[in-house]
Amino acid sequence: MLVKTYGAAVHGIDALIITIEVAISKGFEFSMVGLPDAAVKESYERVMSAIGQSGFNPPHKQILVNMSPADVRKEGAAYDLPIAIGILAADGQIRCPELGRYVIMGELGLDGTLLPIKGALPIAIKAREAGYDGLIVPVANVSEAAVVNKLKVYGANNLSEVFHFLNGTAKIEPTIVDTRAEFAKGADVFDVDFDEVKGQDLVKRAFEVACAGGHNILLVGPPGSGKSMMAKRLPSILPPLTLSEALETTKIHSVAGKLPRGSHLMTARPFRAPHHTISSVALVGGGSSHPMPGEISLAHNGVLFLDELPEFSRSVLEVMRQPLEDRIINISRARYSVDYPAGFMLVASMNPCPCGYYNHPTKPCQCMPGAVSRYLSRISGPLMDRIDLQVEILPVSFEDMTQSAAGEKSADIRQRVIAARQRQTERFANEPHIYCNAQMGPKQMALYAKLSPDCVKILGDAMTKLDLSARAYDRIIRVARTIADLDGKVDIAQTHILEAISYRNLDRSSWGVTVDSKL
């Protein structure tokens with residue numbers, strides 16, 4: 001007897017429907033075709049044990065399993081459940097004429113328990129697009145998949161529940177999630193707040209500007225000055241995710257298996273902070289056989305924080321150059337090619353020198369001549385070119401640390417950021433693929449960031465006197481446009497240009513040479 005069940009394969013962050021055909025005839029051989037990997041081939045032992053332990057009769061016959069399309073590699077243990085259901089149906093133990101209405105996925109334990117899978121959300125989205133009535137997944141994944149409306153999502157604990165549900169001898173109620181209500185409930189909940197940060201008002205302002213315009217930012221300062229503490233609070237002042245952004249972000253984390261059990265939608269922008277020993281593959285994604293999203297994609301629609309930037313491998317840092325510009329990364333290998341979204345805000349921090357105390361107000365720098373400039377040169381010019389704000393940060397004074405008054409709350413800063421982003425949304429409504437000031441090209445800058453003669457003179461004087469590099473020119477204008485948006489102004493004023501210039505510390509040719517000349 002021949003029976004068809006339906007599963008799905010995840011490719012990139014999208015899914016593809018897989019047809020699983022099971023044919024049972026006389027004999028004693030088990031065969032599986034359709035480009036399965038080792039985990040799929042090993043399913044026979046798991047499936048037969050689960051069938052027997054669940055109280056059913058394992059068919060000791062000739063079983064042929066075909067998984068199509070045959071040119072798509074099938075990976076992982078999530079095909080256990082549809083294979084088991086196909087075997088039981090082909091053996092006549094399940095009588096379900098509407099079996100083809102469901103997409104079924106789940107990993108089986110030896111006792112028939114259903115274990116969680118990766119990619120339940122993109123599988124649910126594909127099942128709805130393909131016109132299936134329902135999706136059967138492990139209970140651990142049901143909340144994640146149920147955010148897809150117009151699709152009945154059933155969560156089961158074990159093979160026995162799925163068997164009786166399909167046979168009509170038991171009922172499983174579909175899980176219903178009010179997507180918009182769940183999204184709204186957790187949209188403004190944060191564990192940290194900027195009012196906990198003492199002092200550092202200038203740095204807080206730089207963070208506000210960066211978030212308002214989507215600009216990348218680099219903090220340079222000695223140990224203990226609060227770089228990491230403030231960076232971790234960035235998501236609390238970024239604009240809230242839209243529902244479409246939340247779905248896209250949740251898909252990426254679902255494919256990577258990073259969603260907490262029982263979670264629905266990601267409501268806060270992701271904050272990823274990989275260690276400086278990370279490899280290029282772990283950062284950009286991919287793998288030898290089964291591609292997975294890297295930290296760059298896991299930070300999509302959020303923040304990628306690189307602490308101690310010069311300690312990262314040069315090759316690792318260089319792979320970020322293309323994603324920072326294109327907001328997408330293509331992983332091409334001999335066996336596959338996938339695209340992952342990579343629209344993240346880069347936030348980096350570093351010590352000013354190897355000892356960490358260059359420009360410190362009280363502690364002298366102990367570095368040898370040339371050490372400061374060599375330390376900074378670990379970051380390539382093309383990468384530094386993509387960082388709009390370069391802010392020098394000094395330690396918090398004793399008076400600021402002991403002050404009792406709380407600082408400005410993240411919610412207040414966030415409202416100003418949201419208002420500035422709204423102005424940019426209206427401005428770039430007819431500009432495809434441009435959503436914030438940081439993404440402006442020469443054409444958009446000529447239209448929306450015109451400078452008055454006085455502003456041009458100020459910028460020219462700064463370029464000459466501070467010996468700013470040419471790459472700083474466009475960055476200053478983009479940042480000034482954002483500062484004007486925060487100020488609610490249509491035109492860029494002199495004060496906006498002056499503030500933007502103050503955020504280009506490392507572009508000054510004199511930065512990093514003072515200690516060398518003294519020594």
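Given the structure is predicted, the values throughout are model-derived calculations rather than measurements. These numbers come from the heavy atoms of this one structure, side chains and all, not from hydrogens, waters or symmetry mates. Note that the numbering runs from 1 along the sequence shown for the chain.
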Q: Output the distance between atom CG (Leu121) and atom OG (Ser143), rounded to the nearest 0.5 Å.
A: 12.0 Å
**Q.** Asn330 and Ser332: CA distance, side-chain angles, deciding distance, side chain to side chain donor-acceptor pair (under 3.5 Å) verdict
**A.** CA-CA 6 Å; Asn330 176 265; Ser332 295; 2.5 Å; yes
Q.
Rounded at 0.5 Å granularity, tell me how far CG in Leu306 sits from CD1 in Ile278.
A. 8.5 Å
Q.
Is it the case that the side chain of Asp80 and the backbone of Gly106 share a donor-acceptor pair, with hydrogens and angles ignored and the cut-off at 3.5 Å?
A. no
(Q) Is it the case that the ring center of Tyr102 lies less than 6.0 angstrom away from the ring center of Tyr6? (A) no
(Q) Would you call the rings of Phe207 and Phe194 parallel, tilted or perpendicular, taking 30° and 60° as the class edges? (A) tilted
Q: Check Lys204, Arg416, Arg414 against Glu408 for a salt bridge (charged side-chain N to carboxylate O under 4.0 Å, His left out) and give me the one that passes.
A: Arg416
Q) Under the criterion side chain to side chain donor-acceptor pair (under 3.5 Å), which of Arg427, Gln444, Arg423, His215 is the partner of Asn437? A) Arg427
**Q.** Any donor-acceptor N/O pair, Asp193 side chain to Glu196 backbone, under 3.5 Å
**A.** no
Q) After noting the C-alpha distance and the side-chain angles of Glu318 and Arg314, does the key distance pass the salt bridge (Lys or Arg N to Asp or Glu O under 4.0 Å) rule? A) CA-CA 6 Å; Glu318 292 306 296; Arg314 181 72 172 253; 3.8 Å; yes
Q.
Under the criterion side chain to side chain contact (heavy atoms under 4.5 Å, CB included), I'd like the reasoning laid out for Ile172 against His164: C-alpha separation, chi angles, the key distance, then a yes or no.
A. CA-CA 9 Å; Ile172 301 177; His164 290 294; over 6 Å; no
Q.
Using a strict threshold of under 4.0 Å (side-chain N to carboxylate O), is an ion pair present between Glu107 and Arg46?
A. no
Q: Could you pull out the closest heavy-atom pair between Ala39 and Ala77, with the gap in Å?
A: CB-N, 4.3 Å
**Q.** Minimum-distance pair of heavy atoms, taken over all atoms of Pro274 and Leu304
**A.** CD-CD1, 3.8 Å
(Q) Please check if the number of heavy atoms outside Lys152 that lie under 6.0 Å from its NZ is greater than 12. (A) no
(Q) Looking at Asn57, is its backbone amide N or carbonyl O close enough to the side chain of Gln93 to form a donor-acceptor pair, meaning the two atoms are under 3.5 Å apart? (A) yes
Q: Locate the shortest heavy-atom distance separating Leu114 from Ala156; write the atom from each residue and the value.
A: CD1-O, 3.5 Å
Q. When the ring planes of His276 and Phe312 are compared, do they come out parallel, tilted or perpendicular, using 30° and 60° as the limits?
A. perpendicular
(Q) One thing to verify: whether Asp91 and Lys61 come together as a salt bridge, which I'm taking to mean a side-chain N less than 4.0 angstrom from a carboxylate O. (A) yes
Q: Would you mind checking if Lys41 and Asp37 are paired as a salt bridge, meaning a charged N to carboxylate O distance below 4.0 Å?
A: no
**Q.** Mutual orientation of the aromatic rings belonging to Phe30 and Tyr44 [parallel < 30°, tilted 30-60°, perpendicular > 60°]
**A.** tilted
Q: Fit a plane to each ring of Phe428 and Tyr448, take the angle between them on a 0 to 90° scale, and name the class: parallel (under 30°), tilted (30 to 60°) or perpendicular (over 60°).
A: perpendicular
Q.
Whether the side chain of Gln62 engages the backbone of Phe28 through a donor-acceptor N/O pair (distance < 3.5 Å, no angle test) should be reported.
A. no
(Q) Would the distance check show the side chain of Arg269 and the main-chain N or O of Leu238 forming a donor-acceptor pair, the cut-off being under 3.5 Å? (A) no
Q. Closest heavy-atom contact between Ile87 and Pro59?
A. CG2-CG, 3.4 Å
Q: State the OH-CD1 distance between Tyr132 and Ile104, to the nearest 0.5 angstrom.
A: 10.5 Å
Q) Any ion pair linking Asp14 and Lys251 (charged N to carboxylate O, less than 4.0 Å)? A) yes
